[in-house]
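Chain letters run A, B, ... following the sequence lines, proteins first and then strands; every chain starts at 1.
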2 protein chains.
Amino acid sequence: MAESGPATLDSVAARAGVSRQTVSNVLRHPSRVAAPTRERVLAAIRESGYRPSLPARQLATRRAHAIAVRAERQQDGISGLVLDAFYHGLAEAGQDNGLRVLLYAQPEDEAAEVALIDELVLTGAADAVVLTATSADDERPAHLRANGTTFCAFGRPWGHDDEPHDWVDVDGAVGTGLAVQHLLDLGRRRIAYLGWPGDGAEPSTGTDRRRGWLDALAEAGLGGAALEARSLNDAAAAQAAVAELLDAPDAPDAIVCASDTLALGAHRAATTRGGEPATVVGFDATPVAAALGLASVAQPIDQAAHLCIELLTGRLETPDRPAQGLLVPPVLHLPT
Amino acid sequence: MAESGPATLDSVAARAGVSRQTVSNVLRHPSRVAAPTRERVLAAIRESGYRPSLPARQLATRRAHAIAVRAERQQDGISGLVLDAFYHGLAEAGQDNGLRVLLYAQPEDEAAEVALIDELVLTGAADAVVLTATSADDERPAHLRANGTTFCAFGRPWGHDDEPHDWVDVDGAVGTGLAVQHLLDLGRRRIAYLGWPGDGAEPSTGTDRRRGWLDALAEAGLGGAALEARSLNDAAAAQAAVAELLDAPDAPDAIVCASDTLALGAHRAATTRGGEPATVVGFDATPVAAALGLASVAQPIDQAAHLCIELLTGRLETPDRPAQGLLVPPVLHLPT
DNA sequence: CTAGGGTGTTTGAGCGCTCAAACTTTGAGC
DNA sequence: GCTCAAAGTTTGAGCGCTCAAACACCCTAG
């Protein structure tokens with residue numbers, strides 16, 4: 001076996017008695033090769049333990065066969081967990097589509113991030129990028145579009161529908177709607193919403209979730225009784241806000257929350273008082289909600305990641321196709 | 001400017017009136033180039049917006065300039081959060097050392113994982129791998145060693161000190177020691193430990209954390225009073241275990257926990273009874289601990305990630321150097 | 001005045017793959 | 001029996017870089 005170094009297309013070709021290109025065809029375009037030849041080549045590949053060289057392929061095709069995604073500098077709350085699941089989903093879907101997933105460290109600001117992304121694309125380290133944590137005043141999509149960089153956002157282009165791009169998002173309104181329905185089924189009628197400051201102004205994740213709650217109430221004919229509190233995504237602040245809400249004359253008997261962090265605060269406010277505690281529903285179905293025995297809206301993160309890869313592979317193949325936006329519905333996780 | 005395609009080493013060389021290799025030297029070995037030439041070349045690079053092609057470099061050097069790390073299939077608890085921080089740390093440290101970070105989806109089992117890792121290395125997608133979530137019965141290190149694959153583990157080679165490899169780990173014993181000291185300072189004397197089942201048998205993260213608690217107690221002359229409970233890493237189970245502990249005649253006045261998940265359960269058990277609640281200290285300093293107002297031991301994840309990269313770059317440069325193990329001390333995060 | 005050592009720069013070859021075009025064989029169709 | 005297309009296979013060129021060796025030049029030493 002004393003070969004000289006690892007097997008290459010040429011060494012396999014020699015062993016099988018065919019040309020370099022035929023071996024390549026067996027791997028990339030099997031239909032172009034006659035069955036007997038194919039078998040012979042496959043045997044040679046197996047015997048020699050041949051593994052195609054990725055860099056050589058990248059150089060020849062001018063494709064990195066990789067996408068980049070940001071590693072967040074730090075999580076702001078309990079819900080950060082979902083990112084791990086997203087990474088896994090991307091890696092898994094990527095593997096199925098011949099795309100590797102590259103991690104880049106979150107830079108100081110959006111300008112630096114766009115520059116870094118373009119660096120990755122220009123050096124041929126990645127073909128495209130998945131944008132996470134998008135918001136209404138996010139400048140990254142516009143810049144990437146201007147630079148001609150292929151990307152897909154996990155998150156809607158809030159308020160930028162005039163500049164279409166590929167995106168995937170979870171339908172938060174459906175999620176809070178499910179939460180409300182669940183509470184109605186439980187016999188609750190005074191269903192409050194605990195959201196983030198500013199929800200309701202410019203379009204955002206928060207606005208969307210709040211709307212789902214409001215619409216579901218309206219549909220149930222309970223629109224007038226809209227009870228509501230706001231809090232930063234911090235359990236202590238949430239606890240205070242909900243305590244106030246519960247002290248009011250017409251206290252709610254249930255609270256739909258925009259996040260599990262808020263739900264944790266709401267849960268503590270609800271349980272540290274006498275009487276029948278208000279039922280709390282969280283958002284993101286983190287282990288915290290499970291630990292507290294709370295129902296929580298689960299985002300189909302894995303599905304979202306797969307769809308991002310799908311959009312990206314599609315666009316890399318057909319760069320000119322129209323931009324697509326995909327909305328996936330969440331499901332309600334009930335406590336066990 | 002109507003160039004034909006993106007700038008290359010040759011196009012930059014032509015523009016600067018030098019040879020291909022000189023441009024390469026300016027980038028990789030600036031000292032080999034005379035200062036005036038260097039300036040001229042740098043100007044040409046700037047003007048042409050030249051970005052070196054990574055695949056071409058990889059092909060020529062037979063180095064991927066990348067490392068791989070696993071994207072976990074799913075988190076089993078609240079503390080999973082630390083992985084995000086680890087990813088970011090790797091990406092950041094990698095960028096500083098010219099190493100990209102590649103994510104691979106966790107396969108079915110360890111055998112499949114080793115195969116996947118070797119695939120990544122043999123195809124030239126990565127030079128090395130960072131192993132996470134190592135345990136005593138982990139077969140991956142032995143296999144990787146056998147295959148000659150470069151790797152660094154985040155986690156000690158529990159019980160496999162005879163098969164040395166590079167690793168970085170957080171000193172859990174120091175962490176629980178800090179927790180005990182903190183409680184002693186607070187005037188607590190009956191300090192219990194809430195750990196995982198099996199801690200104390202074969203060496204593991206749990207054993208290590210437990211030992212830190214025990215040693216700190218002994219040092220304070222409180223060794224005899226060792227109160228202890230065990231629970232799966234589940235808040236509900238932890239709550240039950242601690243409730244039992246608190247019902248005992250000599251109930252503890254403080255509880256050191258092996259994780260924030262356990263701490264959440266302990267906290268609930270401690271607060272749902274009258275009298276002065278036992279003080280709970282968690283492990284991992286997740287947002288949950290902060291939300292509950294608990295002190296918690298914080299792992300210097302970022303530092304650990306940087307050290308992994310350091311070990312890896314060192315080994316890639318000097319493959320024959322002896323294996324190194326690095327232990328980093330955690331710090332105690334106090335509630336604000 | 002020339003041999004010889006630096007210093008700085010260029011040249012040739014090749015990394016392992018894919019594309020496009022060229023070539024060879026086969027088998028129908030008339 | 002001959003042409004022509006389809007099917008299968010090979011050839012040539014090149015992707016953009018780095019390594020090693022070759023080269024040109026200047027300066028000092030004998």
May I ask you to say what P52(B) touches in the nucleic acid, namely base, sugar-phosphate or nothing, with a heavy-atom cut-off under 4.0 Å? sugar-phosphate
Using Watson-Crick or G-U wobble geometry with both distances under 3.5 Å, which nucleotide pairs with dT10(C)? dA21(D)
Could you check whether R28(A) gets within reach of a base, just the sugar-phosphate, or nothing at all, counting any heavy atom under 4.0 Å? sugar-phosphate
Quick one, S53(A) with Q58(B), criterion side chain to side chain donor-acceptor pair (under 3.5 Å). Give me CA distance, side-chain angles, the key distance, then yes/no. CA-CA 10 Å; S53(A) 158; Q58(B) 292 179 172; over 6 Å; no
For D166(A), which of Q324(A), R315(A), R321(A) qualifies under side chain to side chain donor-acceptor pair (under 3.5 Å)? R315(A)
Rounding to a whole Å, what distance do you find between R40(A):CZ and dG8(D):C1'? 12 Å
Does S24(B) reach a base, just sugar-phosphate, or nothing at all? Heavy atoms under 4.0 Å. sugar-phosphate
Give the intermediate values and the outcome of side chain to side chain donor-acceptor pair (under 3.5 Å) for residues T150(B) and D127(B). CA-CA 7 Å; T150(B) 308; D127(B) 297 318; over 6 Å; no
Measuring from atom CZ of R140(B) to atom CD of E110(B), what distance do you get when rounded to the nearest 0.5 angstrom? 5.5 Å
A56(B) vs R32(B), nearer the 5' end of DNA chain C by closest nucleotide: R32(B)
Give T22(A) one of three labels, base, sugar-phosphate or nothing, depending on what nucleic acid heavy atoms sit under 4.0 Å from its own. base
Any donor-acceptor N/O pair, S11(A) side chain to A7(A) backbone, under 3.5 Å: no
Nearest-Å distance for atom pair CZ/P, residues R20(A) and dT10(D): 10 Å
Please determine which of L316(A), I309(A), L311(A) meets the side chain to side chain contact (heavy atoms under 4.5 Å, CB included) test together with T313(A). I309(A)
Range on DNA chain C touched by chain B, heavy atoms, distance below 4.0 Å: dG8(C) to dG16(C)
